[in-house]
Each structure stands twice: as C-alpha cells, then as structure tokens.
There are 2 protein chains.
Amino acid sequence: MSEIKKGVQILDCTLRDGGYYTNWDFDKQLVQAYLNACNKLPIDWIEIGYRSPAKESYLGQYFYLPEYLIRDTKSRTTKKIALILNEKDIDPQTVRALLGDCIGHVDMIRMAVNPIRMDQAIELAKRVKEMGFLVAFNVMYMSTWDQIEGFYEKLSQLNGLIDYFYLVDSYGGVYPAEVTKAVEKVRSKLDVSIGFHGHNNLELGLINTLTAIEAGADVVDATFTGMGRGAGNLKTELLLTSLSSRHGLSVDFNALGNVVGAFERLQKEYGWGTNLPYMVSGANSLPQKEVMEWVTKRFYSVNSIIQALNNQSEGIEDN
Amino acid sequence: MSEIKKGVQILDCTLRDGGYYTNWDFDKQLVQAYLNACNKLPIDWIEIGYRSPAKESYLGQYFYLPEYLIRDTKSRTTKKIALILNEKDIDPQTVRALLGDCIGHVDMIRMAVNPIRMDQAIELAKRVKEMGFLVAFNVMYMSTWDQIEGFYEKLSQLNGLIDYFYLVDSYGGVYPAEVTKAVEKVRSKLDVSIGFHGHNNLELGLINTLTAIEAGADVVDATFTGMGRGAGNLKTELLLTSLSSRHGLSVDFNALGNVVGAFERLQKEYGWGTNLPYMVSGANSLPQKEVMEWVTKRFYSVNSIIQALNNQSEGIEDN
C-alpha cells in the first residue's frame, strides 16, 4: 500500500445507498448529524439520493430530491454534491425537465448503467453533459463484463463525454486480483477518471477498494456503517481508519464516532450487513435484490434461501 | 486464487475463541448443534477450549476442559480435536499432570506463544511432544516480529520439534502483502506445516487467510459468525462459501445455515464483530483486550475510547 496515490477522492453515498433500507426517508436530525460529520471529515463528495420520475409505490424524498431539499442540503454542506439516476428509468427527452432545477446546486450526475445498455446510456449522458454537470457512469455487474460482447470496445466512445467511469461490484463477489485486472482493462480503453464502488458480501469491500486505488482509481465510494442494499458497502469509517493509519490521512475520530453511532442505532432496527445468504449470493454472482427481499420478509428460512440460491447457481429453477 | 493448494486443512475454534464472550460456558444444545454441523462440513479440526491451571476468577468448563467433557465431545465428533494452552501460564514441570488425561482423546496441543518467550515455549513444547501429541505454536503479534531481535533466527530450533507453526494476527491489523511476506519468511527458516489465524478488525480475515493459503499455509482457523475475542475471527461460513464457489469445496449449506443461525442468536446477546474502536485498535496494532473491556463495560463513549487509543498510538499516556 505504500504507493497509494495521493489525492484519491472519497465519495460517501450513505443517504443514497442506505435508502434501500429506509425507503429513502431519513430523520432530519440524522441527516444533520451526517452533514456535520462529513464537513469535518476528509470526504470529497456526498451523494444524497436519486432523482427519479414518479414511481407507483411509495418512495421517500431522498429518492426524488425535490429542489428545496437539495438547496437546503447544499446550504449545510461544504462538500461537493452528487445525485444518481437509474439510466433505464429515464427517457432522454425528459432529462432537461428532470434535472433543470439541479443546475447550480448539484456538481455531478451519476448514472447507474446496466452494461448491456451502454448505447442508451451514452445518449442520456450527452443530454446531461450539455446541461453542464460532471457526469459519472456507475457501470454495474463488473463480474459479467468479460462475457458481454463488445463491452470493452465501446468504452472509447466515452472519452470526452463522461468525467468518471465507475466499476461497480454489484454482487459483492469480486476479488482483489479481478479488481486490478478490470481497472487496468478500463484504463487501457478510456482516458477519464476511474471510480470503484464495492459491496461487502464477502467482506472484501476494504481490500477491493484499496486494490482499486493502487491500480489507479481516482475516486472510491463508501457508506457509514456500510449502510446499503443487501450486504451493504465498504464502511466509510473502515476506509478512513485504514487510510489514516497507513497513509497519514487526517481524520477527526470524534466526528467519525458521532456519525457512526447515529447510524449504528438505525442499523439495530434494519440490520444491514452481510450474512450467509448474502455471502452465497455474492460468491455466486446472484442478484442480492432477490436475497434482500427474501431475508427482509422472513418468509423463508436461511436454509431455503441458500437452497434456492444454489439451485439458481446450478441453473435449476426455483419452485 | 486459481493456484490454491489442494488439501489445505480448516480448523474451527469457535468454542475456544468464542469463550472470550461467554466466559467459556456454552449451552449443551448449542454445543450439540455445533458438533453435528461440523460433522457434516469440510472442517478438519475443532479446537474446543483451553486447558489451564486453576485461575482465581470464575471461568467456565471450556477453559479447563475436564476429562469427562473431552471424552464426551470426542464421542460426538468425527473431527480431530485440539486444545490450547497459554504458554505463559504453564510451568513445564506440571505439564504431565496437566495433560496426562488428554492422551488418547486429544490429537493436538496448541500453545499460545508470545514471540518474546520463544525459549520458554520451546522448553514447554519438548515436554508436550514427549507425551505423544501433535504440537502447534500459535505465535502471537505477527506484526511485531520484524522488530524482535533474533526472532526469525530462533525458528530453526523448532524443526523436528513442533508440527504446526501458526502466524497469529493478534491485532487484526495485518494486510495481505504482509501475510505473504511473513509466510515466506517463516517458510525459509522452518520445515513444518504453517498455519494462519486472522482477526477481523479491518474485515481482512478472509483475504488474509486466502492469501496465506496461496503463500503456502497448510491449515487456517475460523469461527462460526466470527465469534471470538474483540472484533472476532474470520467467519467459518465465509471461508467455506468462498472456497465452495471458487474451488469447488463441497459444503452442506443446510448444516452450515443451522449452526450459523444458532450462533447468530448468541451474537445478538453479546454483540461480537468489528466496530470503530476495534478498527482503530487493529489499524494501529493496539491490544484489543483493553478495547474489549472498554466496549463491554460501556463505561466509556466510543469517542473517548478512540481518543484513548489514538493517544496510545501517539505514545501519550491515558488519563
């Protein structure tokens, strides 16, 4: 780790990824504690939620980020602000209407991109870029990219268009050696900043992220207590503690302890973090969205979930 | 990971390391569930506790392992049995009396060895070896070995004496590259089987263990749900899931799910696992025994613990 790059940026996406547990509702005091702590910590970016067209089912305000909420957040943070779009949900024709009121308040628009929808994502990115935002592609399912014909060839089209290309370990099943290879492969095609977004199913969030930094990543994601979909993310406190002890990053541990304590109280209620079903889904590149539903509803025993996952992995249909 | 060694052995030490939380008392039904599951899982060894001279404060039966308990356990397991001694607590003169009734029931005696007490440990090992046991050294504080004068030179004295030499990441602060170096360095001095025992303060238990295996380790330790002192150990279920998906290790996930569920219920009560204070102690190679006392007693806020840890790390005395 001695050759870790100076100036690597940290993006905290607790409110965005944590929303999978709270339905994107967050208590005001918790958000204030979060923003206060971030202001005192060596975090460069905060991603505060989604911008989305209206959905049929109920979703809280951090899934839509109304203008007043963004303005209010911006007035209370010293950090750069990002929000994310689900590319597949957005008609490029509507993007000016969707994002117009973010201009001047939001620094970067990230797009969650399915790697088989790169063409559509490029069209959307052009419109977003024209509006003056920094643009990031968060390209999902990195463990599958080698199997997608023409995926890496297409990357050169992103040069001059996007600002950040994120490798997303959606299943939480990627190992450090694979991170290195993927970063190098992307870097060979693409001359934009590279990011890494890891999940923690196999407790590889920290080592994969440190490995991505060593391999040349410019920005990495984390969330406090790892709050995030399914098994969750790399823990911001773990990344900061590691970078503090090994690379002299200056960390205010009082501020860090306060915000971690606040999210730990929420964690007691929702219980994110890895467990055996999430380990099995990560290890076998199976969607943790389904596992999350099974685990949350508690209709199923751990055994039946694992059995179902293994059946999927062997190509046997669930019953 | 493609070159992982065939035939690497797995030692589960849930009862031994988990005893730090339960004072070495375990419910009979839980132990039965544990033994049943182990019998169905690709685990080679179970370490079931300590053998110790009487201590002043109360400690449960898995800290003393009376003969009837070992016999009873042996009758219910198909696995090889290990127990561990704290080298510093044992007078070599008394070891025949201490271990005599283990002959025929226990396969391996492990010794927890402080690396500055190698001479005393060698004396004790000679007596234990004469009794016919396999002998393992669990040498603690591997992050400090480079600073101990003559440590590596002494290792050659262990050839022909001990059967297993374990590298123990006592602080949970070692990174994979350091594991590789240490395993290679030990291997260059010593012609015995090598083991690795990791802690999970920085969530590096899995990757450090896989790295140790790649570097040539013959046996590795884990505990169900990571139950163990402080931040705990590599989780047995995580190791088995990883080896199952990447190396085709055959795992009965129903048996695994049952035993993990049983220990998860206990974890709700005791709350082992990493947290910010343990991360800080691991990252800075500070004794987690102290942190564990602070956290368990809850006399102190997280902030004051971290402040105290940082003061220790900077050589400032606590007040």
Side-chain angles (χ1 to χ4, degrees), chain A residues 1-2 173 175-178 200-208 210-211 214 224-226 234-235 237-246 251 253-261 264 268 271 273-285 301-307 309-310 313, chain B residues 1-2 173 175-178 200-208 210-211 214 224-226 234-235 237-246 251 253-261 264 268 271 273-285 301-307 309-310 313:
Chain A
M1 302 309 306
S2 57
Y175 286 72
E178 295 156 3
N200 211 32
N201 299 55
L202 302 180
E203 297 187 347
L204 297 174
L206 177 64
I207 195 67
N208 281 344
L210 295 178
T211 302
E214 279 186 68
F224 290 110
T225 66
L234 166 60
K235 296 172 178 71
E237 63 270 29
L238 181 57
L239 178 65
L240 295 181
T241 300
S242 172
L243 294 178
S244 156
S245 71
R246 290 177 77 82
V251 174
F253 281 97
N254 283 323
L256 186 56
N258 282 333
V259 66
V260 167
E264 278 175 348
K268 285 212 170 69
T274 196
N275 57 32
L276 185 52
Y278 288 134
M279 291 173 193
V280 174
S281 74
N284 298 289
S285 287
S301 70
V302 169
N303 282 344
S304 62
I305 294 170
I306 291 165
Q307 197 59 52
L309 286 168
N310 279 330
S313 159
Chain B
M1 299 307 307
S2 57
Y175 287 71
E178 295 156 2
N200 211 33
N201 298 56
L202 302 180
E203 297 188 346
L204 297 173
L206 177 65
I207 194 66
N208 281 342
L210 296 177
T211 301
E214 277 188 68
F224 290 109
T225 65
L234 165 62
K235 296 172 178 71
E237 63 271 27
L238 182 57
L239 178 65
L240 295 181
T241 301
S242 172
L243 294 178
S244 155
S245 72
R246 289 178 78 84
V251 173
F253 281 97
N254 283 323
L256 186 55
N258 282 333
V259 65
V260 166
E264 278 175 347
K268 285 213 171 68
T274 198
N275 57 32
L276 184 53
Y278 288 134
M279 290 172 194
V280 174
S281 74
N284 298 289
S285 287
S301 70
V302 170
N303 282 344
S304 63
I305 294 170
I306 290 164
Q307 197 58 52
L309 287 168
N310 279 330
S313 159

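This structure is a prediction, so every number in the text was calculated from the model and none was measured.
Panel note: side chain B/T211, backbone B/I207; a donor-acceptor pair is recorded below 3.5 Å.
Residue B/L204 touches chain A through its side chain alone, counting heavy-atom pairs closer than 4.5 Å. B/L206 touches chain A through its side chain: at least one heavy atom from C-beta onward sits under 4.5 Å away, while N, CA, C and O do not. Using a 4.5 Å cut-off between heavy atoms, A/K268 makes no contact with chain B at all.
Most heavy-atom pairs under 4.5 Å with chain B, from the set A/T225, A/V260, A/L202: that is A/L202.
B/E203 has its side chain out of reach of A/L234: every pair of non-hydrogen atoms, C-beta onward, lies at least 4.5 Å apart. Taking the side chain as every heavy atom from C-beta outward, B/L240 and B/F253 never approach each other to under 4.5 Å.
The residues B/E178 and A/R246 are annotated as salt-bridged, a charged nitrogen and a carboxylate oxygen being separated by less than 4.0 angstrom.
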